[in-house]
Amino acid sequence: MPRDPRFDILFEPVKIGPVTARNRFYQVPHCSGMGYRYPNAEAHLRGMKAEGGWAVVSTQEAEIHPTSDLTPANEARLWDEGDMPALSAVTARIHDHGSLAAIQLVHNGLHVANRFSRMIPLAPSHAVSDSLDPVQARAMDKADIADMRRWYRNAALRARKAGFDIVYLYAGHDMSVLQHFLSRRHNDRSDEYGGSFENRLRLFREIMEDTREAIGDTCALAVRLAVDELMGPAGITSEGEGKDIIAALAELPDLWDVNLSDWSNDSQTARFSEEGYQEPYIRFVKSVTTKPVVGVGRYTSPDSMVRVVRQGVLDFIGAARPSIADPYLPKKIEEGRIDDIRECIGCNICASGDNTNVPMRCTQNPTIGEEWRKGWHPEIIASMPAPEPALIIGGGPAGLEAARALSQRGVDVVLAEGSGEWGGRVARECRLPGLATWGRVRDWRIGQLSTKVNAELYLHSPLSAEDVLQYGIPHVAIATGASWRCDGVGRTHRRPLEFLAEGALVSPDALLAEGAQAVSERGPVVVFDDDSFYMGSVLAELLAKAGRLVTFVTPEPQVSPWSKNTLEQGRVQKRLIDLGVEIIPAMSLAGRTKDRLDLACVYSGKIRSIDCDTLVPVTARLPDETLWRDLKAREADWADAGIKTVVRLGDCLAPGLIAAAVYSGHQYARTYQQQVDSDRVPFLREDIATLQDLPSS
Ligand code: ADP
Ligand code: SF4
């Protein structure tokens, strides 16, 4: 289909200093968890973005010196020449597809603990490292400043040599020495690098000039700047020094990339923000510079993209997450395939990969991070010459993705869902406060399946083992999901707690099905969260918003600790506080009567008793495996019925993240009708490959 002319503006070329971007789609620097330790994975990831039409594709932050050592995080590195091959591989793959390659140079200042290099972190003034390690950064003297300038210059020279078209200086996320010098919070120097605004700006300005000189006139200079730290007068604000910095340096770089700081403010989840949430803070930038401006805000709608360009907010549509969920987003707009866009749901499972030091994964895009090690392409799956048909049971994320990807391969698929709606858990969870976008996991897959002539979709079709045998479809995948358990078993309590039944118990599933009305209005409701991710807090939010008196009890020291990895923990805790939810941390369950609950301190065992009319235990789930067990019991009948394989997918195999269920369905389709050798590592490993290059002793 031809491109809709109303999107033409998104495909205009834009000059960035000496280089020209072929359109306005710009993949801003983002972490991938595949930095210097997985260079092949990183190069293939970035190359895929270029293939998908992003005119500029950036690396993640690239540490310029061993005094900037983010280990165990796995970012890009440019410490010396040894890092060049990995980065040259990145630029080569980006250039293969006609895009510009950008690198984000960083010295992380007081943000690092230098756990690997064991060098002392550097900062404008003596300061505790913000890594939580018992480490302090030392105040830089003039010799250190000269070193820092030289390190940046060396890194810029290497970046140019590695083939980058755009070299970034990074003063964002409170993670960079350049921002630390700018910040009154971190800089209390009394020399010409501290005090007045001009003095705090000095190092940044000098390094900009040095970098410009180093990269010459074939490479563009970009600046990534935090224009607001959302701290009011304690930090940089878009009405105050954020604006002043851009006004003072307005024409020095070739491009301004502007955003919110810290990372949790920049990459807000859909639970806490709408598409375009940064606009109020970055709108001013184009009024103080003539240089092109890029910004982000989880833009997935081409109409919103056109609007921000037409309104003069941005010149480039910056994206990290939308480019992860759909590396082909620009191409799909260009080819008039808007309905094919796999929209980011704003869940930040991608960020959790970086935060747990592993290659990123994505709820919507199961192929991300698998481009090299599994050879997975986000848009292409080899079609099968004469595949046998498949029956998929369960229309949640796992079943939908399995059916979608199989139908793409040319397999005749029957997808049977027992209930009256598609989506399984996402259909229920997207009705919870703030999670509406999660419905996109279902919507995109149903949209794709509805265009396939080889996919038959049936709602209201709860299948029994007898039904499956009667259909006689050779390959059966059971994706019947999981249910929340109500016996208290989870991480803290490994054996069932019989006393829970002494009073009213409401399972998370009942709340998911019926909403807050599943809980009586009588007395206080206690949410006991031993799951530690989003479900406990979001159910507490649902109940509090419905006017229930809610107490949130957790064995952990804070609410939803795993949501630190999705950059949400602070917002989650604040939301519960704002809603008047009483939070009782560090407590397990010890006993119960009809209207009281005994809690035990997880450290001392000391008992405390609280009012509790209804208890909602959010602890763990159990697979819904009745159908699997019934079919296994009749395995002797499979061959006569024409059934060759039966497998379990997603939560029915082991309850986990939605991302894991989607991945499970996708994996099934990729390996359909293949004998999987479980003795073999199912992906390429680059660390081993590297060692194999060494001479054997
Ligand atoms: P997953 O995350 O693994 O996809 P979900 O719980 O989201 O799991 O989805 C499982 C789906 O399977 C639910 O929509 C449920 O209604 C459906 N289901 C469960 N048992 C059967 C069955 N016997 N026949 C058809 N559908 C079923
Ligand atoms: Fe978007 Fe979630 Fe994928 Fe990240 S993991 S890109 S937030 S859908």
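Note that ligands are numbered from 1 as they come in the structure, with each ligand's atoms numbered from 1 the same way. Numbers for residues simply follow the sequence, beginning at 1. Values reported hereafter were calculated over all heavy atoms of this structure, with side chains retained and with hydrogens, waters and symmetry mates removed.
With a heavy-atom cut-off of 4.0 Å, Ala427 does not touch ligand 1 at all.
Protein heavy atom at the shortest distance from atom 2 (O) of ligand 1 is Asp651 OD2, 2.8 Å. Summary of contacts: the protein heavy atom closest to atom 1 (Fe) of ligand 2 is Cys344 SG, 2.4 Å. Given atom 20 (N) of ligand 1, the protein heavy atom at minimum distance is Thr480 CG2, 3.2 Å. Scanning the protein for heavy atoms near atom 4 (O) of ligand 1, the closest one is Ala398 N, 2.8 Å. Nearest protein heavy-atom contact of atom 12 (O) of ligand 1 is Gly394 CA, 3.2 Å. Atom 7 (O) of ligand 1 has as its closest protein heavy atom Arg425 N, 2.7 Å. From the protein, the heavy atom lying nearest to atom 5 (S) of ligand 2 is Cys350 N, 3.2 Å. Looking only at heavy atoms of the protein, atom 9 (O) of ligand 1 is closest to Gly396 CA, 3.4 Å. The nearest heavy-atom contact from the protein to atom 24 (N) of ligand 1 is Leu463 N, 3.0 Å.
Trp54 has its ring centre no less than 6.0 Å from the ring centre of His97. Here the two rings, on His44 and Tyr38, have centers that are 6.0 Å apart or farther.
For Cys347, the nearest N, O or S atom to atom 2 (Fe) of ligand 2 falls under 2.8 Å. Counting backbone and side-chain atoms alike, Cys362 contributes no N/O/S atom closer than 2.8 Å to atom 1 (Fe) of ligand 2.
The closest heavy-atom contact to atom 17 (C) of ligand 1, among the options Glu429, Glu625, Glu417, comes from Glu417. Across the listed options Arg321, Arg361, Arg440, Glu343, Arg321 owns the non-hydrogen atom lying nearest to atom 6 (S) of ligand 2. Around atom 6 (O) of ligand 1, the closest heavy atom drawn from Gly481, Ala659, Ser664, Ala402 belongs to Gly481. Closest heavy-atom approach to atom 10 (C) of ligand 1 among the candidates Gly424, Ala654, Ala479: Ala479.
The shortest N or O to N or O distance between Ala661 and ligand 1 is not under 3.5 Å. In terms of polar-atom proximity, Gly418 is counted as a contact of ligand 1, with an N or O under 3.5 Å from an N or O of the ligand. For a threshold of 3.5 Å applied to N or O pairs, the pair formed by Ile393 and ligand 1 contains no separation below that value.
Electrostatic pairing of Lys331 and Glu334 does not count as a salt bridge here, judged by no charged N lying under 4.0 Å from a carboxylate O. Taking a cutoff of 4.0 Å between a charged side-chain nitrogen and a carboxylate oxygen, Glu429 and Arg442 do not qualify as a salt bridge. Arg634 and Asp637 are joined by a salt bridge, as a carboxylate oxygen and a charged side-chain nitrogen come within less than 4.0 angstrom of each other. Salt-bridge formation is detected for the pair Glu625/Arg629: a Lys NZ or Arg NE/NH1/NH2 atom is positioned less than 4.0 Å from an Asp or Glu carboxylate oxygen.
Listed for the Arg445 side chain is a donor-acceptor partner under 3.5 Å among the backbone atoms of Val441.
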- Message: Show, in sequence, the C-alpha distance, side-chain angles and deciding distance for Ser450 and Gln448, and conclude whether the side chain to side chain donor-acceptor pair (under 3.5 Å) test is met.
- Response: CA-CA 5 Å; Ser450 65; Gln448 296 292 302; over 6 Å; no

- Message: Checking Arg93 against Asn40 for the side chain to side chain donor-acceptor pair (under 3.5 Å) test, could you report, in this order, the C-alpha distance in whole Å, the side-chain angles of both residues, the deciding distance, and whether it holds?
- Response: CA-CA 10 Å; Arg93 293 203 78 86; Asn40 284 302; over 6 Å; no

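Under a 4.0 Å criterion applied to the non-hydrogen atoms of Asn348, ligand 2 contributes the atoms 2 (Fe), 7 (S). Set against the non-hydrogen atoms of Gly650, the atoms of ligand 1 under 4.0 Å away are 3 (O). Ligand-side atoms of ligand 2 in range of Thr363: 3 (Fe), 5 (S), range being under 4.0 angstrom from any heavy atom. Atoms of ligand 1 lying under 4.0 Å from any heavy atom of Ala416, numbered from 1 in the order shown and given with element: 25 (C), 26 (N). Near Ile345, meaning under 4.0 Å from one of its heavy atoms, ligand 2 places the atoms 1 (Fe), 8 (S). Those atoms of ligand 1 with a heavy atom of Pro462 less than 4.0 angstrom away are 24 (N), 25 (C). Close contacts of ligand 1 with Ser461, meaning ligand atoms under 4.0 Å from a residue heavy atom, involve 24 (N), 25 (C). Set against the non-hydrogen atoms of Gly346, the atoms of ligand 2 under 4.0 Å away are 1 (Fe), 7 (S).
Side-chain contact check for Lys374 versus Gln667: some heavy-atom pair is nearer than 4.5 Å. Side-chain contact check for Ser99 versus Arg46: every heavy-atom pair is 4.5 Å or farther apart.
Side-chain contact of Ser58 with Gln27: a donor-acceptor pair under 3.5 Å is absent, judged by distance alone. Residues Asp624 and Ser483 bring a donor and an acceptor atom of their side chains to less than 3.5 Å of each other. For the residue pair Lys452/Gln408, the side-chain donor-acceptor check at 3.5 Å is not satisfied. Side-chain polar atoms of Glu343 and Thr300 form a donor-acceptor pair below 3.5 angstrom.
Paired with Lys644 under the rule side chain to side chain donor-acceptor pair (under 3.5 Å), one option of His475, Gln673, Glu388 passes, and it is Glu388.
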